[in-house]
Protein chains: 4
Amino acid sequence: MSTGPAFKRLPRAVRQQQMLDSAVRIFSRRGYHGASMDEIAEVAGISKPMVYAYLGTKEELFVACLHREGTRMVQAIAGAAAPDLPADERLWRGLRAFLGFVGAHRDGWAVLYRQARAEQPFARELTVMRARLVEVVAGMLDHALRAEGREVADTELEVVAYALVGASESLADWLADHPEADPEKTATQMMNVAWLGAGQLLHGLSWRPPVA
Amino acid sequence: MSTGPAFKRLPRAVRQQQMLDSAVRIFSRRGYHGASMDEIAEVAGISKPMVYAYLGTKEELFVACLHREGTRMVQAIAGAAAPDLPADERLWRGLRAFLGFVGAHRDGWAVLYRQARAEQPFARELTVMRARLVEVVAGMLDHALRAEGREVADTELEVVAYALVGASESLADWLADHPEADPEKTATQMMNVAWLGAGQLLHGLSWRPPVA
Amino acid sequence: MSTGPAFKRLPRAVRQQQMLDSAVRIFSRRGYHGASMDEIAEVAGISKPMVYAYLGTKEELFVACLHREGTRMVQAIAGAAAPDLPADERLWRGLRAFLGFVGAHRDGWAVLYRQARAEQPFARELTVMRARLVEVVAGMLDHALRAEGREVADTELEVVAYALVGASESLADWLADHPEADPEKTATQMMNVAWLGAGQLLHGLSWRPPVA
Amino acid sequence: MSTGPAFKRLPRAVRQQQMLDSAVRIFSRRGYHGASMDEIAEVAGISKPMVYAYLGTKEELFVACLHREGTRMVQAIAGAAAPDLPADERLWRGLRAFLGFVGAHRDGWAVLYRQARAEQPFARELTVMRARLVEVVAGMLDHALRAEGREVADTELEVVAYALVGASESLADWLADHPEADPEKTATQMMNVAWLGAGQLLHGLSWRPPVA
DNA sequence: AATGAATGAGCTTTCATTCAT
DNA sequence: TATGAATGAAAGCTCATTCAT
């Protein structure tokens with residue numbers, strides 16, 4: 001007597017992952033509008049009504065993709081920046097994780113993200129996503145400030161964090177368009193701007209990654 | 001024998017601008033795919049075939065919008081940053097001009113840009129556009145560097161410029177979502193990150209805009 | 001539990017035939033350009049997207065019609081002219097079959113054919129079709145020649161066959177415009193010209209169909 | 001003092017011929033539907049409203065082309081076949097004139113004709129045109145018959161003439177598709193079929209053009 | 001659970017044709 | 001006379017989405 005049904009048909013969870021996999025592939029390759037439910041279903045090796053049954057409309061399907069990939073990314077970053085390190089080290093690790101992730105999924109995350117930015121219906125999901133990131137970064141900064149016994153208004157912190165996140169997203173985009181570029185090096189350069197600022201860069205200073 | 005405005009049979013040049021105006025509005029409001037040529041024509045107060053006659057296909061029309069708005073923006077920025085000022089002053093002016101422009105055309109440039117990134121066919125136009133911006137920013141930095149007798153590889157400059165532009169774009173986005181925010185103040189904060197870097201910010205330093 | 005006809009959800013093969021039937025009707029009635037996919041779908045009792053799903057674009061649909069009707073016709077003719085009869089008998093039977101077929105499908109084949117000649121994209125299909133016919137006729141002639149121990153260059157045969165086919169097509173056209181005319185009699189007259197030639201006709205000779 | 005107006009603008013008749021010239025060019029090159037009034041006007045070096053003013057709608061314009069070219073052709077043929085020659089000689093001259101004409105206007109007449117056959121609205125004009133030809137041919141045959149003291153029903157004559165005309169048209173078409181072919185030779189072969197008939201050809205007879 | 005059959009709705013694009021100057 | 005400006009109307013094609021089996 002088995003502990004569960006015999007799955008001649010694959011179990012629901014597995015099927016869903018297959019669908020998401022192919023959806024991510026197609027959305028990335030063709031863009032949100034260029035992708036057709038037909039092709040997605042075909043690539044998933046399944047019939048269209050199944051896709052609707054499991055993951056809802058095209059919009060919902062895209063959100064699901066966004067969600068899954070975004071969660072993976074946030075985890076990758078959060079996992080990299082241990083809270084008990086100095087601020088610059090944490091920032092560096094976070095950045096490296098972020099750009100590393102994007103570099104490794106050049107055709108996945110970055111493109112989905114780009115698509116999402118273009119369409120209003122995904123604003124909500126994006127906002128949530130970005131909020132998590134900003135929160136992480138702002139947390140780092142706040143932590144460091146408190147360690148020095150100083151304090152800053154929340155909105156100011158948010159704007160700074162937002163700028164940092166924005167710059168990183170931009171570089172992520174740039175990475176997606178430059179397959180030959182090295183994420184590690186790009187992260188270093190970003191760190192230079194972010195940590196030292198253009199002013200000091202111009203005066204010859206530069207930041208170097210700690211030796212691992 | 002009134003010399004008053006004739007509402008029909010306008011000369012080509014005038015009609016074209018009307019069309020572009022309407023197209024920018026609609027593309028921004030609905031997105032590239034969401035926009036229909038019907039609506040664009042209607043808002044322009046003209047029939048569809050005229051749009052095709054004067055500005056070509058939807059794709060070409062979008063490129064035309066991108067081109068016009070992009071050119072305006074670049075001019076606004078380049079005009080603001082006089083070449084004979086110190087680097088931080090130039091950067092500041094450029095930033096302020098950029099965020100000011102975006103703030104003033106909240107429904108124009110930023111949205112078009114976002115749309116364009118999502119669709120392959122506009123890659124070319126975008127590359128050109130961005131190249132101009134990056135060139136302006138990189139030019140500022142390069143100028144400052146040479147003044148100090150130092151030199152940096154082009155790609156490095158490009159990445160830094162890219163990060164700065166990206167951070168600004170991000171804040172532009174943030175501005176678009178926070179109508180109550182003050183562009184001037186946002187520019188100042190951005191300048192802080194960009195010029196001083198997070199490191200110094202954390203140590204209590206801060207940059208202040210020069211008194212006009 | 002009726003086994004009566006279901007009017008919806010028919011299997012693909014059936015629908016395709018319905019579509020082709022309707023397409024042939026409409027193309028013949030309105031001409032290739034005059035025909036609209038809308039009307040074809042409507043007459044087939046189905047929605048437009050199905051037509052596209054099963055038979056492709058308008059051009060492909062027309063080719064499919066041409067192909068189906070042409071094949072039917074060639075079969076009718078080839079089946080009529082048994083290879084072991086004398087040449088004139090075979091020619092006669094072929095002719096009769098051809099004009100009979102056209103007479104029976106007055107609104108089908110002849111009109112499609114006429115349409116196809118006018119449009120470049122169908123040249124290929126037409127060439128193939130006509131080649132089959134010419135081949136059949138040339139085959140008859142060649143067979144007869146060899147039986148007499150003589151031989152003629154292929155191109156000459158082709159031209160003669162072409163002329164015969166052309167004359168027949170012309171009469172087919174004439175039939176289409178004279179609904180009261182008798183295909184059988186027309187075939188006899190054609191046979192007179194084709195077999196005896198105008199020269200002998202003028203001298204009082206005439207050819208009579210063999211008593212069946 | 002000039003005997004007429006000074007034509008800074010070309011006189012109407014000349015303009016019309018220019019338009020017809022370019023119309024024939026475009027109709028032949030693109031087909032009736034593929035041709036656009038825009039292109040015709042452009043090629044004629046004139047504005048569209050002028051075309052409408054001078055030659056009416058697209059349909060009327062096409063009929064005008066058909067008419068002019070058809071008339072030229074009929075004249076060429078009628079002029080070639082002098083009535084006081086023996087029947088075969090007249091037939092031969094007519095044929096040669098016809099195929100010669102078509103060969104010389106490969107992109108003109110044959111293509112217009114092909115187009116016209118495909119569209120109902122031109123049936124009338126075509127009927128008239130063909131009637132003139134059939135009349136000419138039937139006249140030749142009738143003349144020859146009467147010379148021998150015999151007589152044939154009109155419809156029979158018409159069918160025979162029709163077959164001959166049809167065969168010739170077919171070969172004209174064939175010529176249009178085979179630019180390398182020699183009209184003279186094609187005419188000879190046609191004459192063989194038409195005059196001697198397939199029966200005698202098969203027995204080794206052949207007709208030769210009279211030495212000029 | 002799974003799918004082939006089916007469609008409503010909409011979009012871009014083109015063209016013959018006519019005003020108004 | 002001559003033309004740039006303007007449009008009504010329609011057609012081909014695609015797609016997300018849902019029945020009926």
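Below, chains carry the letters A, B, ... as their sequence lines are ordered, and counting in each starts from 1. Hydrogens, waters and symmetry mates play no part in the numbers below; they use all other heavy atoms, side chains included.
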**Prompt:** For F:dA11, what is the paired nucleotide under Watson-Crick or G-U wobble rules, both distances under 3.5 Å?
**Reply:** E:dT12
**Request:** Kindly confirm or rule out a cation-pi arrangement of D:Lys58 over D:Tyr32, judged by NZ or CZ under 6.0 Å from the six-membered ring centre and within 45° of its axis?
**Result:** yes
**Asked** Can you tell me if the side-chain N/O atoms of D:Tyr54 get under 4.0 Å from OP1 or OP2 in F:dT1?
**Response** no
**Sugar-phosphate, base or nothing in reach of D:Ala41, heavy atoms under 4.0 Å** = nothing
**Request:** Please work out which of the three classes, parallel, tilted or perpendicular, describes the rings of C:Phe122 and C:Phe62, given edges at 30° and 60°.
**Result:** tilted
**Selected nucleotide, minimal atom distance to C:Arg9 side chain, candidates F:dG12, E:dA6, F:dA6** = E:dA6
**Message:** Assess whether a salt bridge exists between A:Arg30 and A:Glu39, defined as any Lys/Arg side-chain N lying under 4.0 Å from an Asp/Glu carboxylate O.
**Reply:** yes
**Message:** Could you tell me how far apart A:Leu55 (CG) and E:dA2 (P) are, to the nearest whole angstrom?
**Reply:** 13 Å
**Item:** Atom of C:Phe27, atom of C:Ile40 and distance for their closest heavy-atom approach
**Value:** CZ-CD1, 3.9 Å
**Prompt:** Rounded to whole angstroms, how far apart are CE on D:Met50 and P on F:dA2?
**Reply:** 6 Å
**Request:** Return the 5'-most residue of the pair C:Pro11, B:Gly34 with respect to DNA chain E, ranking by each residue's nearest nucleotide.
**Result:** C:Pro11
**Fill in**
Of F:dT14, F:dT7, F:dT18, the nucleotide closest to the side chain of A:Tyr52 is F:dT18
**Message:** Does F:dG4 have its OP1 or OP2 closer than 4.0 Å to a side-chain nitrogen or oxygen of B:Arg15?
**Reply:** no
**Message:** Closest approach to the side chain of B:Pro49, judged atom by atom: which nucleotide of E:dC19, F:dG12, F:dT7 is it?
**Reply:** F:dT7
**Message:** Heavy atoms only, 4.0 Å cut-off, all strands: where does C:Met37 land among base, sugar-phosphate and nothing?
**Reply:** sugar-phosphate
**Message:** Taking the minimum atom-to-atom distance to the side chain of D:Ile46, which one of F:dA20, F:dT3, F:dA6 wins?
**Reply:** F:dT3
**Prompt:** Under 3.5 Å, is there an N or O donor on one side and an acceptor on the other linking the side chain of B:Lys48 and the base of F:dT7?
**Reply:** no
**Request:** With DNA chain E as reference, determine whether B:Asp38 or C:Ala53 sits nearer its 5' end, using the nearest nucleotide of each.
**Result:** C:Ala53
**Item:** Base paired to F:dA20 (Watson-Crick or G-U; both N/O distances under 3.5 angstrom)
**Value:** E:dT3
**Item:** Test: D:Arg15 cationic atom under 6.0 Å from D:Tyr54 six-membered ring centre, within 45° of axis
**Value:** no
**Item:** Candidates F:dT18, F:dT3, F:dT7 - which lies nearest the side chain of B:Ser47
**Value:** F:dT7
